[in-house]
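For clarity, every value in this text was computed on a predicted model and none was experimentally measured.
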Amino acid sequence: MDVKDFVDAIDANFFTGVPDSQLKALCDYLMCEYGIDPNHHIIAANEGNCVGIAAGYHMATEKVPVVYLQNSGEGNIINPVASLLNKDVYGIPCIFIVGWRGEPGVHDEPQHIYQGKVTESLLDVMGIDYMVLSSDTSAEEVVSRMAEWRTILSEGGQVAFVVRKGALSFDGSVRYEGQASMLREEIIRSITQMSGNDPIISTTGKTSRELFEIREASFDGHSRDFLTVGSMGHASSIALGVAIKKPSVKVWCIDGDGAAIMHMGAMSVIGSVKPKNLIHVVINNNAHESVGGMPTSSVTTDLCSVARACGYANVFKASNPSELSVVLSDVRSMDGPSFVEVDAAIGSRPDLGRPTTSSQENMVNFMKYLREI
């Protein structure tokens, strides 16, 4: 179904969400139609943030908002759906559009497999009636389902469209560009060269994929690296847990701007715990690149100032290879926690692969390495 026909069929004009590659047609359409316009379209920090925004929109307008998300974000909406939107609390209507990664029977990455199995069950548990969209679903069927849902929405209930791969299409195109010149893979390579035998925890998406391929190309092995293939926004918390129990070893976290913002409270905790051995590097391309390139709010957020305010001992920013080399060398010799923001371009190699080891193998090998250092 053409995404414009879908949007017309649900008859809504306010959307807030977290980008998802399964919903790329919708995301690109919204960027073409509205861009980032607070009156019509907001890209939020996380999915729970979306629900709060949607609730405020409804109370101010009495209209029904739309929240879009990957199914991995269902966990982030459970609390505000149950304790804010639910009819036993405030009864706030909302339409959810959920990208179905890991759908049973459809090949996907390991972090999506279990989430795909429980996608429908979680909606059932939350009392959200839903319709599955496939490539052969028509706009007329959506209009018909929306007519059935009018009563649910008018009574303060919530409904959802679960979107299968290829269900929505968009003929337009959006080009996402930034001003920086360093590619993320170049930055990660510099970190691996400077970190030596130190353990590295890398965030989800292309960051972990590029770290894996850098190790492959240099025949370094992968035991030093924990590739956080899912749980976006939690890599720095994982790194904190490791750093606390390995105080004599420098522990590196390679993070992204979208991930850091998604659960920014982790930075406050790091600053309060003050692990001297933690180095937190945020590669900032101002984009959700791994799922299509839509912008993050880092465009207007001074992450270095946030880190200082949270209590990091050392805070640096690098915008070119020479600055990066100096900064990485400095922080490795300093007592932390240290924070490094690196300006990065949007883009990756078209032939970028994926880890060839399983997530369990990665964890077992990483744990063995931690025992030995």
Side-chain angles (χ1 to χ4, degrees), residues 3 6-7 15-31 41-54 65-81 94-123 125-126 128 130-134 158-170 174 176 203-209 228-235 256-263 287-297 354 359:
V3 69
F6 172 67
V7 171
F15 299 78
T16 179
V18 176
D20 170 37
S21 55
Q22 198 93 317
L23 300 177
K24 190 174 188 305
L26 175 66
C27 294
D28 286 350
Y29 171 80
L30 293 175
M31 288 301 295
H41 180 221
I42 297 174
I43 299 175
N46 60 57
E47 295 82 2
N49 180 203
C50 297
V51 175
I53 294 168
V66 178
V67 169
Y68 63 87
L69 64 149
Q70 185 181 110
N71 54 348
S72 62
E74 283 184 306
N76 283 337
I77 70 170
I78 287 175
N79 177 46
V81 167
C94 186
I95 300 169
F96 291 98
I97 302 175
V98 183
W100 198 355
R101 296 298 303 271
E103 179 187 354
V106 179
H107 176 73
D108 212 324
E109 299 307 308
Q111 66 269 28
H112 298 298
I113 293 173
Y114 181 72
Q115 188 69 56
K117 291 178 182 177
V118 300
T119 293
E120 295 174 291
S121 300
L122 287 175
L123 293 172
V125 167
M126 289 187 284
I128 299 175
Y130 64 91
M131 174 184 185
V132 176
L133 293 189
S134 304
Q158 302 81 46
V159 298
F161 292 98
V162 178
V163 182
R164 285 176 163 150
K165 185 176 181 179
L168 297 175
S169 61
F170 178 54
V174 183
Y176 301 105
T203 191
T204 190
K206 291 184 178 179
T207 299
S208 283
R209 291 166 61 185
T228 313
V229 295
S231 59
M232 182 174 169
H234 294 299
D257 52 299
I261 289 169
M262 178 169 277
H263 293 295
H288 286 284
E289 189 193 335
S290 293
V291 290
M294 294 176 76
T296 69
S297 60
R354 296 182 181 274
S359 54

Heavy-atom check, side chain of [X] versus side chain of [Y], under 4.5 Å:
{"X": "Q111", "Y": "R101", "answer": "no"}
{"X": "V18", "Y": "M262", "answer": "yes"}
{"X": "N49", "Y": "N46", "answer": "yes"}
{"X": "I53", "Y": "V67", "answer": "no"}

Let me confirm one number: the [atom1]-[atom2] distance from [X] to [Y], rounded to the nearest 0.5 Å.
{"X": "F15", "Y": "I43", "atom1": "CZ", "atom2": "CD1", "answer": "13.0 Å"}
{"X": "T119", "Y": "H112", "atom1": "OG1", "atom2": "NE2", "answer": "10.5 Å"}
{"X": "I113", "Y": "H107", "atom1": "CD1", "atom2": "NE2", "answer": "8.0 Å"}
{"X": "S134", "Y": "R164", "atom1": "OG", "atom2": "CZ", "answer": "4.0 Å"}
{"X": "E74", "Y": "L122", "atom1": "CD", "atom2": "CG", "answer": "5.0 Å"}
{"X": "K24", "Y": "M31", "atom1": "NZ", "atom2": "CE", "answer": "11.0 Å"}

What pair of heavy atoms forms the shortest contact from [X] to [Y], and how long is it?
{"X": "A259", "Y": "M232", "value": "N-CE, 3.7 Å"}
{"X": "C27", "Y": "Y176", "value": "O-OH, 4.4 Å"}
{"X": "I77", "Y": "P80", "value": "O-CD, 3.3 Å"}
{"X": "K117", "Y": "P104", "value": "CA-CG, 4.2 Å"}
{"X": "T204", "Y": "V229", "value": "OG1-O, 2.6 Å"}
{"X": "A167", "Y": "L133", "value": "CB-O, 3.4 Å"}

Q.
Let's go through I78 and M126 carefully: what are the C-alpha distance in whole Å and the side-chain angles of both, what is the deciding distance for side-chain contact (heavy atoms from CB on, under 4.5 Å) to 0.1 Å, and is it a yes or a no?
A. CA-CA 7 Å; I78 287 175; M126 289 187 284; 3.7 Å; yes
Would the distance check show the side chain of [X] and the main-chain N or O of [Y] forming a donor-acceptor pair, the cut-off being under 3.5 Å?
{"X": "D257", "Y": "A287", "answer": "yes"}
{"X": "Q22", "Y": "W100", "answer": "yes"}
{"X": "T16", "Y": "C50", "answer": "no"}
{"X": "Q115", "Y": "N71", "answer": "yes"}
{"X": "S208", "Y": "T203", "answer": "yes"}

Q: Give the C-alpha distance, both sets of side-chain angles, the deciding distance and a yes or no for side-chain contact (heavy atoms from CB on, under 4.5 Å) between D20 and V98.
A: CA-CA 9 Å; D20 170 37; V98 183; over 6 Å; no
**Q.** Side-chain ion pair, E103 and K165, N-O less than 4.0 Å
**A.**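 Salt bridge flag = no for K165 with E103.
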(Q) Could you walk me through whether L23 and Q70 satisfy the side-chain contact (heavy atoms from CB on, under 4.5 Å) test, starting with their C-alpha distance in whole Å, then the side-chain angles of each, then the deciding distance to 0.1 Å, before giving a yes or no? (A) CA-CA 8 Å; L23 300 177; Q70 185 181 110; over 6 Å; no
Q: Would you check, one step at a time, whether the test side-chain contact (heavy atoms from CB on, under 4.5 Å) holds for I95 with V159?
A: CA-CA 5 Å; I95 300 169; V159 298; 4.0 Å; yes
Q) Does the side chain of H41 come under 3.5 Å of the side chain of Y68 through a donor N or O and an acceptor N or O? A)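 Yes, because at least one side-chain N or O of H41 sits under 3.5 Å from a partner of the opposite role on Y68.
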Q. Is the F6-Y29 ring centre distance short of 6.0 angstrom?
A.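 Between Y29 and F6, which both carry aromatic rings, the centre distance is not below 6.0 Å.
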